[in-house]
Amino acid sequence: MNIVLFISAILLLIISISLYMGKLSNMIAGYNTMSSKEKEKYDELKLCRILAITFDITAFVLCLGAIDILDFNSTVIISIIVLIIGCILTNIIPKK
């Protein structure tokens, strides 16, 4: 068992729980630097939930890597792909 991947998955799950509740939006890169006028263009709760779902999927992949179902290289590649897709969706879906 790879303990580093497992701890990373747990941390992502903890962050995603806060994001599901709409908290931690001020920690989202780019969103926290927008003016209030620009922030009005986005649905903040939807933005947080899409990011939380992305973190949950990434945490699941990391857990698969931690219990050796996936090898380390596959775990990293799949996690990066999921995060890239999540970033793209976060820029498209929550716009009002």
Side-chain angles (χ1 to χ4, degrees):
M1 177 182 234
N2 191 337
I3 195 73
V4 174
L5 293 177
F6 190 68
I7 291 173
S8 299
I10 290 173
L11 290 174
L12 282 176
L13 288 173
I14 291 170
I15 293 170
S16 73
I17 290 170
S18 297
L19 285 168
Y20 275 121
M21 293 185 281
K23 311 265 188 221
L24 295 181
S25 63
N26 59 343
M27 300 298 286
I28 299 173
Y31 185 74
N32 59 356
T33 59
M34 289 182 181
S35 66
S36 58
K37 187 176 182 180
E38 291 175 325
K39 285 183 181 180
E40 291 175 0
K41 297 177 184 176
Y42 291 91
D43 185 355
E44 185 175 320
L45 185 61
K46 200 181 283 187
L47 177 71
C48 289
R49 290 197 174 155
I50 292 169
L51 192 58
I53 291 169
T54 303
F55 283 175
D56 287 341
I57 295 170
T58 305
F60 177 72
V61 171
L62 290 176
C63 284
L64 292 178
I67 56 176
D68 294 329
I69 292 177
L70 294 174
D71 63 336
F72 185 77
N73 291 335
S74 298
T75 302
V76 172
I77 291 170
I78 294 171
S79 296
I80 289 172
I81 291 170
V82 168
L83 291 172
I84 289 171
I85 291 170
C87 287
I88 292 169
L89 291 177
T90 324
N91 284 320
I92 296 172
I93 294 175
K95 289 188 177 181
K96 291 184 180 177

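Computation of the quantities below employed the complete heavy-atom set of this structure, encompassing side-chain atoms and omitting hydrogens, waters and symmetry-equivalent molecules.
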Residues 36-65 vs side chain to side chain donor-acceptor pair (under 3.5 Å), sequence neighbours excluded, gives Ser16-Asp56, Tyr20-Asp56, Ser25-Glu44, Tyr31-Glu44
Practice prompt. Examine Leu70 and Val82 and state if one hydrophobic cluster contains both, with Ile, Leu, Val, Met, Phe, Trp and Tyr joined whenever side-chain heavy atoms are less than 4.5 Å apart.
Written response: yes
Practice prompt. May I ask whether Leu64 and Ile78 are part of the same hydrophobic cluster, defined by side-chain heavy atoms of I, L, V, M, F, W, Y residues being less than 4.5 angstrom apart, directly or through others?
Written response: yes
Rounding to 0.5 Å, atoms SG (Cys48) and CD1 (Ile53) come to a distance of 11.5 Å
Rounded to the nearest 0.5 angstrom, the CG-CD1 distance for Leu47 and Ile93 is 10.5 Å
The reported gap from CG in Asn2 to CG in Asp71 (rounded to nearest 0.5 angstrom) is 11.5 Å
According to a hydrophobic-cluster definition based on side-chain heavy atoms being under 4.5 Å apart (Ile, Leu, Val, Met, Phe, Trp, Tyr only), do Ile77 and Leu62 belong together? no
Between Val61 and Ser79, the two heavy atoms sitting closest are CG1-OG, 3.5 Å
In this structure, OG1 of Thr75 is separated from CD1 of Ile80 (nearest 0.5 Å) by 11.0 Å
In terms of heavy-atom contacts, Leu45 and Gly22 come closest through CD1-CA, 3.9 Å
In this structure, CG of Leu83 is separated from OG1 of Thr90 (nearest 0.5 Å) by 9.5 Å
* Crowded around Met34 CE? As in, over 12 foreign heavy atoms under 6.0 Å? -> yes
- Given side chain to side chain contact (heavy atoms under 4.5 Å, CB included), test Leu24 with Ile28 step by step and report yes or no. CA-CA 7 Å; Leu24 295 181; Ile28 299 173; over 6 Å; no
Given the rule that I, L, V, M, F, W and Y join up when any side-chain heavy atoms are under 4.5 Å apart, are Ile69 and Ile10 in one cluster?
yes
Using the rule that Ile, Leu, Val, Met, Phe, Trp and Tyr join whenever any side-chain heavy atoms are under 4.5 Å apart, tell me whether Leu11 and Val76 fall into a single cluster.
no
Distance col, row Asp68:CG vs Leu5:CG, nearest 0.5 angstrom, shows 9.0 Å
